[in-house]
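Just below is one structure, and these are the notes that go with it.
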There are 2 protein chains.
Amino acid sequence: MESYTEENYLKVIYHLSNLTTGTVQTNAIADKIQTRPASVTDMMKKLAEKQLINYVKYQGVTLTEKGKATAVNIVRKHRLWELFLVNTLNFKWDEVHEIAEELEHVNSPLLIERLDEYLGYPKSDPHGDPIPDKNGNFDSPALIKLSKLKPAEKGIVVGVSEHSSSFLKYLDKIKLTLGTSVEMIEVIEFDGSVDLLIEDTRKNVSREVASHILMRTT
Amino acid sequence: MESYTEENYLKVIYHLSNLTTGTVQTNAIADKIQTRPASVTDMMKKLAEKQLINYVKYQGVTLTEKGKATAVNIVRKHRLWELFLVNTLNFKWDEVHEIAEELEHVNSPLLIERLDEYLGYPKSDPHGDPIPDKNGNFDSPALIKLSKLKPAEKGIVVGVSEHSSSFLKYLDKIKLTLGTSVEMIEVIEFDGSVDLLIEDTRKNVSREVASHILMRTT
DNA sequence: AATTTTATTTAGATTTATCTAACTTTATTA
DNA sequence: TAATAAAGTTAGATAAATCTAAATAAAATT
């Protein structure tokens with residue numbers, strides 16, 4: 001059994017792995033978990049000891065199969081509870097995250113099984129994120145190029161199809177980084193460039209650039 | 001805010017107060033909470049510091065108004081979750097206690113408000129125990145222990161003062177479930193066990209068991 | 001390549017909740 | 001009432017999760 005805190009670390013590592021598809025850095029974890037890098041290092045040693053992560057000093061961590069399974073199960077619980085809160089208790093989709101952060105740590109496989117059944121074995125939560133089934137399997141949401149978003153559609157940047165330094169530097173500059181939430185305002189007919197709302201700031205990006213950014217719609 | 005552990009101590013003190021209607025002893029708490037008396041003493045100092053209990057060395061503790069309000073709120077959450085588990089997720093009444101022990105510590109007043117509304121502001125849980133409303137008020141029905149019924153007196157099972165799975169399973173087995181009508185035939189002087197008429201069948205039940213069954217006389 | 005900056009780790013404390021062992025107080029009983 | 005038993009407390013340790021400050025490693029820059 002993992003503690004409440006260990007579960008949170010695993011969950012955060014899992015989410016950060018998904019964005020970078022590689023190893024996760026100490027500081028990135030510290031940022032997400034609102035703690036100090038020194039505390040993260042301590043916990044990394046503990047999780048490595050328990051065979052939940054692969055940890056190499058100064059190099060960052062990856063989840064082991066065991067760690068990944070644990071993390072996916074927490075994500076499953078979180079998303080089932082979010083859906084329950086919205087569908088059954090009439091919460092709005094922006095009110096449920098904090099509550100689900102607590103509920104996800106309640107440890108009763110039977111409870112989750114029954115909740116899943118009650119909700120009709122749903123495949124996605126109120127934010128459009130996939131809900132893993134009890135074996136940890138889930139549909140990975142279809143990705144779409146930023147250039148193909150329709151006006152008013154929103155999404156999260158989950159990848160790029162161009163890896164040149166100049167391209168990535170440019171993305172950093174305009175704050176179009178992995179995990180950023182973006183809303184399409186309109187496609188300019190003249191040149192195919194797109195007007196976007198990037199974290200509440202309106203920006204225009206060329207078709208060339210927009211076509212190399214992969215989004216998951218939300 | 002109280003920690004998970006502090007909440008459990010308050011809840012236990014509350015339940016033990018109800019039974020003894022007076023102060024609660026260190027060892028009684030240690031027994032219930034499955035810890036050592038020394039640990040209880042440590043916690044008593046802490047709760048007294050926080051003005052949640054009145055603590056006099058060697059003399060036991062009582063809840064302050066603040067401590068009582070906190071304890072009643074935990075009981076409210078516990079019982080609402082138990083009812084939810086039985087009514088909505090189709091659990092049996094003997095399966096829900098352990099799960100509710102965890103759910104009761106989830107801290108979201110809005111969640112509990114919505115759950116209460118969803119359940120229709122119920123007044124009692126699956127074991128017949130009253131559910132405090134959001135102000136901490138609840139009906140305490142005049143209850144009598146089954147072991148105290150007089151010969152020929154009849155009553156309805158409305159609650160139990162012991163929630164272990166083995167006890168509840170036993171009650172199911174002998175059909176001494178909530179709502180069951182029971183008539184006292186006689187108390188056996190030798191061992192205090194009772195001869196009962198349970199739904200037209202004569203059965204003998206130990207004093208131990210009979211003392212944990214709460215009745216409303218009819 | 002040397003220097004500076006950033007990222008990470010180590011060492012040593014702190015807090016919470018627990019423990020054991022020894023001691024003290026209160027209750028019981030002979 | 002003196003001895004014994006039971007109940008409760010204190011002192012000192014331990015484990016989990018955190019922290020600050022200092023040290024070290026890796027990356028970036030001049």
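As a basis for the values below, the full set of heavy atoms in this structure was taken, side chains included, without hydrogen atoms, waters or symmetry mates. Residue numbers start from 1 in every chain, and the chains themselves are labelled A, B, ... in the order their sequence lines are given, proteins ahead of strands.
In this structure, A:Gln34 places its CD atom 10 Å from P of D:dC19, rounding to the nearest Å. In this structure, the CG atom of A:Leu47 is 13 Å from the C1' atom of D:dA16, given to the nearest Å. The interatomic distance linking A:Glu6 (CD) with D:dA16 (P) rounds to 9 Å, in whole Å. Atom pair B:Met43:CE and C:dT15:P shows a separation of 16 Å (rounding to whole Å applied). In this entry the distance linking CZ of B:Arg36 with C1' of C:dA21 reads 12 Å, nearest Å. Spacing between atom OH of A:Tyr4 and atom P of D:dT18 amounts to 11 Å, rounded to whole angstrom units.
For B:Asp139 and B:Lys123, the salt-bridge test passes: some basic side-chain N is under 4.0 Å from an acidic carboxylate O. The pair A:Asp195-A:Arg202 counts as a salt bridge, with a side-chain nitrogen and a carboxylate oxygen less than 4.0 angstrom apart. Taking 4.0 Å as the cut-off between side-chain N and carboxylate O, B:Lys11 and B:Glu101 count as a salt-bridged pair.
Residue B:Ser39 is classed as a base contact, given a heavy-atom separation below 4.0 Å to a base.
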Base versus backbone protein contacts along nucleotides 8-15 of chain D [heavy-atom cut-off under 4.0 Å; B, S, -]: SBB-----
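For the residue pair B:His78 / B:Asp125, no side-chain donor-acceptor distance below 3.5 Å is found, with atom types taken as modelled.
Taking only side-chain nitrogens and oxygens, B:Thr35 comes nearer than 4.0 Å to OP1 or OP2 of C:dC19.
The number of heavy-atom neighbours closer than 6.0 Å to NZ of B:Lys50, taken from other residues, nucleotides and ligands shown, is above 12.
A pairwise comparison of heavy atoms in A:Thr70 and A:Glu2 identifies CG2-OE1, 3.7 Å as the closest pair.
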